[in-house]
Chemist: 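Structure in C-alpha cells, see below.
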Amino acid sequence: MSQQSPRELAEGDPFGAATLPYGVFSPADAPDRRRIGVRYGDRVLDASAAAAAHGSAHADLLDRPTLNPLLAAGRPVWQAVRAEVRGWLDDGPLLPLEDVTLHLPFEVADYVDFYASEHHATNVGRIFRPDSEPLTPNWKHLPIGYHGRAGTVVVSGTDVVRPQGQRKAPGDAVPSFGPSLRLDIEAEVGFVVGTPAPANTPVALGDFREHVFGVCLVNDWSARDVQAWEYVPLGPFLGKSFATSVSAWITPLDAFDEARTAPPERTYPLLPYLDDSAAEPGGIDLRIEVTINGETVSRPPFASMYWTAAQQLAHMTVNGASLRTGDFFASGTVSGPEPDQRGCLLELTEGKGPYLADGDVVTLTAWAPGPGGARIGLGEVTGRVVPDRGAATP
Ligand code: MN
C-alpha cells in the first residue's frame, strides 16, 4: 500500500476488512434511531447511510432496526451486500464504538441449545451421574439438544440478575427456594438462521450455507443447583431460561472460509443425513477465551467439537420441523481435552465451585484464522452478575 489512510487498521486488528460483522446500533444521542452497522476496527460503519449515499439497491434492507429482513433476503443478497460494504469502508460514515448503543441484532425466533462437545458431555456426565456411563448411548449417534427460551436472549453488556428457584442439595430431605448458589457460565458458539425452510423439507448437510447467515459468541448462563434438581427426565428448564447472552455482532459464515476444519474422527458410522465423511469440513477453528473480572480462566477450542453446526441443523429439521428466519441454535458448552480448555465453572472446578459471585463480569472473546494471516474476530459477549431480586419466598 503506497499511502497510509486514516481508515487503515493496526496490523492484526481482528475486525478488519476480512471480518465485517453486522450489528444494530443507535447513536448515543438518538436511542430510537436504530439501524444496521458494520464493525470495522473499533468503529461502526453506518451501513444504512453508506448504502443511501451510494444508491445501493439494498439500502432499504440496511435501514432497519433489526437484521431479520437482511437475514430473510438469502445468500445471494448476503454476498452482494458484503461486497458493497467492502467498497463503503473507504468513504462511508464511521462512528467510534463508544459513541453508539448496540442492540440485540436480530429478533430471535426459536432458540435451541445443543451438547456437542464430547469432553464437556463426558465431564458433566461424571459429575451429575457418577454411577453411570458419562455419555448416554445416543450421544454419538445424534446431536443432543433442547429447546431454550428465545424471549430471554439478551445482547452483550446486559446485566444478569441472579436467578431464583428450587434447589435441593443431595443431603437435604426437601427442596428449598432462593437465589441460585451455583450460578455458572457456558462458553458457546451460536448460529443465526437466515433463509427459512418449509415444514417437511429437511436441510441437508450440503445446504447449510444457504440457510445459516452467521456466527456469534454465546454465554448460556446456568444455575447448576436449580438444573441438577429439575433436569431429570426432560432436561434443562428454569436453570437456564432466565438469560442467554449473545454478541452484538453477527459475523457472516463467509468470513470463516480459511478456518474450516474437519471435526474429530467419528466413533460410529452415522445415519446418512448426519454422515459428513464426504462433505466439506464442517468444523470451525475458533479459539475462545473466557475471562472473569479480567482474568483468563479458560481457552476452549471450538475445533474440538464432535458435532458440527451443519449436522445440528440437519438434525433439527429431519423430523419435518420448519425453519424460520431468526431461528438461533448454539453449540453447547465448548470444552477441549485439557483442564484449562473447559468452558464452564462446573467442569473447571470439578463440580466443587466456587461459582459466580455478585459483581463478577464474565467476558468471552474469540478469533479464527483468516486470509493471508489475518485474524477473524468474533464480537465479545460480556455480562455482569447483579444481586437477586430479593423477593420473598413464594
Ligand atoms: Mn448450554
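Quick caveat, the model's predicted, so the values are computed rather than measured.
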Chemist: With side chain to side chain contact (heavy atoms under 4.5 Å, CB included) as the criterion, how do V334 and S117 come out once you've worked through the C-alpha distance, each side chain's angles and the decisive distance to 0.1 Å?
Modeler: CA-CA 6 Å; V334 183; S117 161; 5.7 Å; no
Chemist: Salt bridge check, D207 against R75: does any charged N sit closer than 4.0 Å to a carboxylate O?
Modeler: no
Chemist: Got a second to check how far W367's CH2 is from L378's CG, nearest 0.5 Å?
Modeler: 12.0 Å
Chemist: Within a radius of less than 6.0 Å around CD of E133, do more than 12 heavy atoms belonging to other residues, nucleotides or ligands occur?
Modeler: no
Chemist: Flag yes if more than 12 heavy atoms outside E98 fall under 6.0 Å of its CD atom; otherwise flag no.
Modeler: yes
Chemist: Closer than 4.0 angstrom, basic N to acidic O: yes or no for R39 and D13?
Modeler: no
Chemist: Are F329 and L253 linked, directly or through intermediate hydrophobic residues, by side-chain heavy-atom contacts shorter than 4.5 Å (ILVMFWY only)?
Modeler: yes
Chemist: Salt bridge check: are D113 and R149 linked by an N-O gap of less than 4.0 Å?
Modeler: no
Chemist: Could you go through the side chain to side chain donor-acceptor pair (under 3.5 Å) check for S180 and D225 one step at a time?
Modeler: CA-CA 6 Å; S180 171; D225 39 6; 2.8 Å; yes
Chemist: With H120, which of Y115, W139, W307, F114 fulfils ring-ring contact (aromatic ring centres under 6.0 Å, His included)?
Modeler: Y115
Chemist: Determine whether D91 and R7 satisfy the following criterion, salt bridge (charged side-chain N to carboxylate O under 4.0 Å, His left out), listing intermediate values before the conclusion.
Modeler: CA-CA 9 Å; D91 62 3; R7 296 192 163 226; 5.9 Å; no
Chemist: Given salt bridge (charged side-chain N to carboxylate O under 4.0 Å, His left out), test E350 with R342 step by step and report yes or no.
Modeler: CA-CA 10 Å; E350 306 277 356; R342 294 169 181 173; 3.2 Å; yes
Chemist: How is the hydrophobic cluster of L181 composed, in terms of its other members, when Ile, Leu, Val, Met, Phe, Trp and Tyr link through side-chain heavy atoms under 4.5 Å apart, directly or indirectly?
Modeler: none
Chemist: Does the side chain of Q79 pick up a donor-acceptor pair with the side chain of R82 at under 3.5 Å?
Modeler: no
Chemist: Can you confirm if the aromatic rings of W78 and F213 lie within a centre distance of less than 6.0 Å?
Modeler: yes
Chemist: Which residues pass the side-chain hydrogen bond (donor to acceptor under 3.5 Å, both in side chains) test with T291, not counting sequence neighbours?
Modeler: none
Chemist: Kindly check if the number of other-residue, nucleotide or ligand heavy atoms within 6.0 Å of CZ (R35) is above 12?
Modeler: yes
Chemist: How are the rings of F128 and Y231 set to each other: parallel, tilted or perpendicular (split at 30° and 60°)?
Modeler: tilted
Chemist: Strictly by modelled atom types, are D388 and Q164 linked by a side-chain donor-acceptor pair under 3.5 Å?
Modeler: yes
Chemist: Y306 ring centre to R266 NZ or CZ under 6.0 Å, with the angle to the axis within 45°?
Modeler: yes
Chemist: Is a salt bridge present between R287 and D285, judged by a nitrogen-to-oxygen distance below 4.0 Å?
Modeler: yes
Chemist: With S335, which of E347, H119, E186 fulfils side-chain hydrogen bond (donor to acceptor under 3.5 Å, both in side chains)?
Modeler: E347
Chemist: Answer yes if the side chains of E84 and H54 hold a donor-acceptor pair under 3.5 Å, and no otherwise.
Modeler: no
Chemist: Any salt bridge between E118 and K140, counting N to O under 4.0 Å?
Modeler: yes
Chemist: Ignoring hydrogens and angles, state whether a donor on the side chain of E289 or T296 is under 3.5 Å from an acceptor on the partner side chain.
Modeler: yes
